[in-house]
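Here is the structure we will look at, set down as structure tokens.
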There are 2 protein chains.
Amino acid sequence: MDAAQINQVRRFNRTVTERVGVLHDHYLGRDRPIGEARLLWEIGEQGQDVRRLRERLGLDSGYVSRMLRSLEADGLVTVEPQPRDKRVRTVRLTDAGRTERAVLNGRSDELAGSLLEPLNTAQRTRLVAAMAEVDRLLTAATVTLDALDPDHPDARHCLRCYAGELQERFETGFDPARSLLPDAGELRSPHGLFLVARLHGEPVGCAGLKLPPGVPAEIKRMWVAPHVRGLGVARRILAELEARAAQHGHDVVRLDTNRALTDAIALYHSCGFSEVAAFNDEPYAHHWFEKRIAKQA
Amino acid sequence: MDAAQINQVRRFNRTVTERVGVLHDHYLGRDRPIGEARLLWEIGEQGQDVRRLRERLGLDSGYVSRMLRSLEADGLVTVEPQPRDKRVRTVRLTDAGRTERAVLNGRSDELAGSLLEPLNTAQRTRLVAAMAEVDRLLTAATVTLDALDPDHPDARHCLRCYAGELQERFETGFDPARSLLPDAGELRSPHGLFLVARLHGEPVGCAGLKLPPGVPAEIKRMWVAPHVRGLGVARRILAELEARAAQHGHDVVRLDTNRALTDAIALYHSCGFSEVAAFNDEPYAHHWFEKRIAKQA
DNA sequence: GCCATTACCTGACTAGAGTCAGAGAATGGA
DNA sequence: TCCATTCTCTGACTCTAGTCAGGTAATGGC
């Protein structure tokens, strides 16, 4: 990696942790420990399961429990067992909790204002644009890619979203029964694999890869959640699938797609795929692509 | 202030404190409290006075003292009284301290690397550029501007640098005795004022303003430290001086400058000053500028 | 119905970060 | 020379943040 780049990142880290980090804690934690403030924020308007909070904040279960007791004692939250599974408990904000949360939001605004305040208009615009870029790219960098079983809850979530979106976008709607969708077995070792992209632990994208011996690998059911589009997640998924296909001894990957998915088609072109004649009779496909890759095994 | 801007800044703060802040502490503090790590970093290669460390890090004197004892016990630093003023003590890194500091640096590199690692080349370039911009502008926003007495140590420091730089840049060198430099009294209330720009408590720029009744206000001895040029400090100083001149009932500010100071001349042009005929016989001046401002008092 | 597992809670800790009130030495100005 | 001030240090605190080792109730597969 480029030393000058590393250096710039380090300077950025120092400036930002000093300026933002310190202020952040100061503003937020004025009359409440930051731990609790973060918790209050993370609970959100509709409430959250305790396990989810723990996961999101990466904290010890005992620790979260204790903080919840404290918030409860202050009358800011209520904690109740879920009706379906009484082991799991759900935290909800009370009215007082909502008020407190609004106060924290106000502080957060103050802080943001204090960063912009000394700058002139042109500088503000540039700072905000640069922050948006950093935000976007750092978020992109936290997306993780894992091969999961297609029956894993996160995988199923993605597949449901995938089908839902096709139903909406295809001119003719989408009926899974009519499509050449692979069954789960085909996307599971040794016949293939299923990749799930996650951001902060939540599934935000997926793609399946069929690895039939002797013929090209095939990408199926690729999907990226609308709110993370533009972060390069699809590109990363493609690159990862190509690498895995190569590891399994394939030197060509191919895929089919529907003409309604214009953004996907543009992506395939820009990632080095070329359009080829139909290699299957998928009723929902209008375009077929393939890409030659460097075989590895 | 624009709500959309505030919002973007808040998102940035959240992403960055989570991603950078947390990691930062984790990496750095692996076998040493972050307080001490920061201290070790701030001491630097040539050593520092204790009071300076305290100032820079904004910490309680007792707290710093205790940390220094701990670093001393580990053989990483030595603390000795200054020869000139034995109340002040100077901290210096030992060889072991230097080694430890290098380790911390290495960690910092690792962290920077880990932020870039998941991204592709184009994304890395963009992230680094955006970080540089944020860094630059946040730094610019922390520069403070205060009116000080021209005899204040920070003011004197700036004036020494100012004279030194002119000596270097003017074709003919610079001899203060030959110049029409105002004496300190002229840059002190009620005859004028002296502005010092500081970054993290260190003086990084200055300018004097003469406020003679009935005639235009005059800007003298404007200087910005080389390492903060490009942050818009000079522009901020000018704006502040104009505002103060207006408050004192002036509607014109003027200044003279030497042809060697091309960057300054460009600045005056871009800030709305226009070149006028010589209004004094300053031997070192080649250009004279003035700007009409909105009178306020 | 049994038993491993899961989700949460409690109690007992540790360590880091920071504050506050003095004490003592050195300095500088009247 | 005296006295207020400056600079640093020490001791005695407080408060968060976080860890670890059980313990209890609910759940789900056999």
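Numbered from 1 within each chain, the chains take letters A, B, ... in sequence-line order.
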Which nucleotides of nucleotides 22-30 of chain D have their base under 4.0 Å from a protein heavy atom (B), which only their sugar-phosphate (S), and which neither (-), written as one string 5' to 3'? ----BS---

Assess whether salt bridge (Lys or Arg N to Asp or Glu O under 4.0 Å) is satisfied between Arg52(B) and Glu42(B), documenting all intermediate values. CA-CA 10 Å; Arg52(B) 191 123 230 148; Glu42(B) 207 66 48; over 6 Å; no

One should read off an interatomic distance between Asp49(B) CG and Arg89(B) CZ, to the nearest 0.5 angstrom, of 11.5 Å

I need the CE-P distance between Met67(A) and dC9(C), as an integer number of Å. 12 Å

Rounded distance in Å - CG (Leu68(A)) to C1' (dC9(C)): 11 Å

Mind checking salt bridge (charged side-chain N to carboxylate O under 4.0 Å, His left out) for Asp60(B) and listing every partner two or more places apart, or none if nothing turns up? none

If only side-chain N and O atoms count, and only distance matters, is there a donor-acceptor pair under 3.5 Å linking Thr144(B) with Arg198(B)? no

Expressed in angstrom and rounded to an integer, what is the separation of Ile34(A) atom CD1 from dC15(D) atom P? 16 Å

For Asp60(A) and dG11(C), give me the distance from atom CG to atom P, rounded to whole Å. 15 Å

Have a look at Gly62(A) and say if it touches a base, only the backbone sugar-phosphate, or nothing, with a 4.0 Å heavy-atom cut-off. base

Residue-phosphate contact under 4.0 Å: Arg69(B) side-chain N/O, dC9(D) OP1/OP2: yes

Any side-chain heavy atom of Met131(B) sitting closer than 4.5 Å to one from Leu127(B)? yes

Could you state the OH-C1' distance from Tyr63(B) to dT16(D), rounded to the nearest angstrom? 12 Å

With a 4.5 Å heavy-atom cut-off, do Ile43(A) and Val77(A) have their side chains touching? yes

Atom pair distance, as rounded to whole Å: CG in Leu39(B) and P in dG18(C): 12 Å

4.5 Å side-chain heavy-atom contact, Leu71(B) and Glu100(B): no

Do Arg66(B) side-chain and dG16(C) base share a donor-acceptor contact under 3.5 Å? no

Is there a donor in the side chain of Glu36(B) and an acceptor in the side chain of Ser70(B), or the other way round, less than 3.5 Å apart? yes

Ordered by number, residues from residues 48-56 of chain B within less than 4.0 Å of DNA chain D (heavy atoms) are Val50(B), Arg51(B), Arg54(B)

Are the side chains of Thr78(B) and Thr94(B) in contact, using a 4.5 Å heavy-atom criterion? yes

Let me know the distance between CG of Leu57(A) and C1' of dT16(D), rounded to the nearest Å. 16 Å

